[in-house]
Number of protein chains: 2
Amino acid sequence: MHILIDNKSGTPIYDQIYSQIKAQIISGQLQENEMLPSIRGLAKDLRISFITTKRAYDELEKEGFLYTIPAKGCYVAPKNVELLREETLKKIEDHIDQILKLAASCNLSKDDIVSMILFAMEGQE
Amino acid sequence: MHILIDNKSGTPIYDQIYSQIKAQIISGQLQENEMLPSIRGLAKDLRISFITTKRAYDELEKEGFLYTIPAKGCYVAPKNVELLREETLKKIEDHIDQILKLAASCNLSKDDIVSMILFAMEGQE
DNA sequence: ATAACTGTATATAATAATGATATACAGTTA
DNA sequence: TAACTGTATATCATTATTATATACAGTTAT
């Protein structure tokens with residue numbers, strides 16, 4: 001496991017750990033059911049509190065990227081295509097929300113939006 | 001002008017003022033170039049500090065919903081429909097591009113996206 | 001001119017949210 | 001039982017948010 005903490009980056013430590021591990025899981029660099037470094041071990045490496053590594057792991061677990069066996073360790077969760085799909089859908093929904101807000105602010109109708117999207121789709125393919 | 005402050009709603013006072021005035025401007029209930037209540041007068045009515053009403057007005061001005069003549073008052077901005085619309089459309093298009101990229105990454109069809117949007121629209125209204 | 005009104009600018013205070021932590025605990029394993 | 005796992009609770013510092021007071025400067029009508 002290779003984690004790099006940039007202290008002068010604005011993003012919090014737990015977030016950097018979270019993102020890097022997540023990326024390694026998604027990319028397959030970390031294999032299914034592979035044991036992750038212990039929260040304490042990793043914390044020691046990074047010279048931070050293990051509470052911070054725990055926070056990163058908690059987040060990853062909440063999103064289904066790892067599972068924990070108490071007193072044993074944390075493991076990479078079997079890859080769940082559905083999970084990735086869910087995440088993507090969530091992002092899309094966020095964009096849609098933004099669009100709807102924008103549309104409301106200048107009184108665009110439903111149809112206007114739908115046709116904008118259809119138009120964009122044709123342009124792409 | 002009719003503003004209603006709900007103290008036990010979670011949303012901050014300045015935000016409630018901002019939203020309600022904005023809605024009245026967009027709906028046409030407040031007419032172009034109409035003078036808005038002075039920040040002090042409104043504050044007195046609502047029994048809050050005028051700094052709070054000022055904050056709401058500042059936000060509205062930043063977004064182009066009103067203009068201010070110092071020492072005179074605040075007025076409903078002429079609806080610059082064209083400009084606002086162009087800017088908003090550009091933002092919406094950016095979001096659509098993002099959505100299409102995300103959709104492609106998990107093999108979502110056109111129809112899937114359109115129906116997501118329609119669903120979101122229903123949820124909002 | 002001056003009283004009564006406009007908006008402005010700067011500084012302050014209370015509260016809430018965020019980020020990171022220590023310490024004490026409980027289960028697992030060699 | 002020593003050395004390791006993760007857990008739970010409480011704490012602390014920092015930052016962001018919300019609302020405010022006070023002193024200022026321009027406009028307007030008396």
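First the proteins, then the strands, lettered A, B, ... as listed; each starts at 1.
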Check your understanding: Looking at CD1 of A/Ile92 and CZ of A/Arg85, how far apart are the two atoms once the value is rounded to the nearest 0.5 Å?
Key ->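 It comes to 9.0 Å.
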What is the distance from [atom1] of [X] to [atom2] of [N], rounded to the nearest Å?
X: A/Lys44; N: C/dA20; atom1: NZ; atom2: P; result: 21 Å
X: B/Ile51; N: C/dA14; atom1: CD1; atom2: P; result: 17 Å
X: A/Ile17; N: C/dG19; atom1: CD1; atom2: P; result: 13 Å

Find out whether [X] and [Y] are in side-chain contact, i.e. whether some heavy atom of one side chain is under 4.5 Å from a heavy atom of the other.
X: A/Tyr57; Y: A/Thr68; value: no
X: A/Ile113; Y: A/Ile99; value: yes
X: A/Ser9; Y: A/Gln16; value: yes

Check your understanding: Which is the 5'-most and which the 3'-most nucleotide of DNA chain D that has an atom under 4.0 Å from a heavy atom of chain A?
Key ->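 Extent of the interface on DNA chain D: D/dT5 to D/dA8.
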Exercise for review: On DNA chain C, check which nucleotide each of A/Thr52 and A/Lys72 is closest to and give me the residue with the more 5' one.
Suggested key: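 Counting from the 5' end, the first nearest nucleotide belongs to A/Thr52.
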Exercise for review: On DNA chain C, check which nucleotide each of B/Pro70 and A/Ala71 is closest to and give me the residue with the more 5' one.
Suggested key: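 Its nucleotide being nearer the 5' end, the pick is B/Pro70.
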Exercise for review: Using a strict 4.0 Å threshold on nitrogen-to-oxygen distance, state whether A/Lys90 and A/Glu87 make a salt bridge.
Suggested key: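 Not counted as a salt bridge, because no side-chain N and carboxylate O are separated by less than 4.0 Å.
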**Study point:** Donor on one side chain, acceptor on other, A/Tyr18 and A/Glu63, under 3.5 Å
**Key:**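 Side-chain D/A pair, A/Tyr18 to A/Glu63: present.
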**Study point:** Donor on one side chain, acceptor on other, B/Asn33 and B/Tyr67, under 3.5 Å
**Key:**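 The criterion, which ignores hydrogens and geometry beyond distance, is satisfied for B/Tyr67 and B/Asn33.
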Review point. Counting any heavy atom closer than 4.0 Å, what does A/Phe50 reach on the DNA or RNA strands: base, sugar-phosphate only, or nothing?
Key: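 Base: the residue A/Phe50, judged by heavy atoms under 4.0 Å, touches a nucleobase.
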Practice item. Kindly check if the number of other-residue, nucleotide or ligand heavy atoms within 6.0 Å of NZ (B/Lys91) is above 12? Key: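 Incorrect, the count does not exceed 12.
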Check your understanding: In dot-bracket notation, what is the pairing pattern of DNA chain C, taking Watson-Crick (N1-N3 plus N6-O4 or O6-N4) and G-U wobble (N1-O2 and O6-N3) contacts under 3.5 Å, with [ ] crossing and | for other strands?
Key -> ||||||||||||||||||||||||||||||
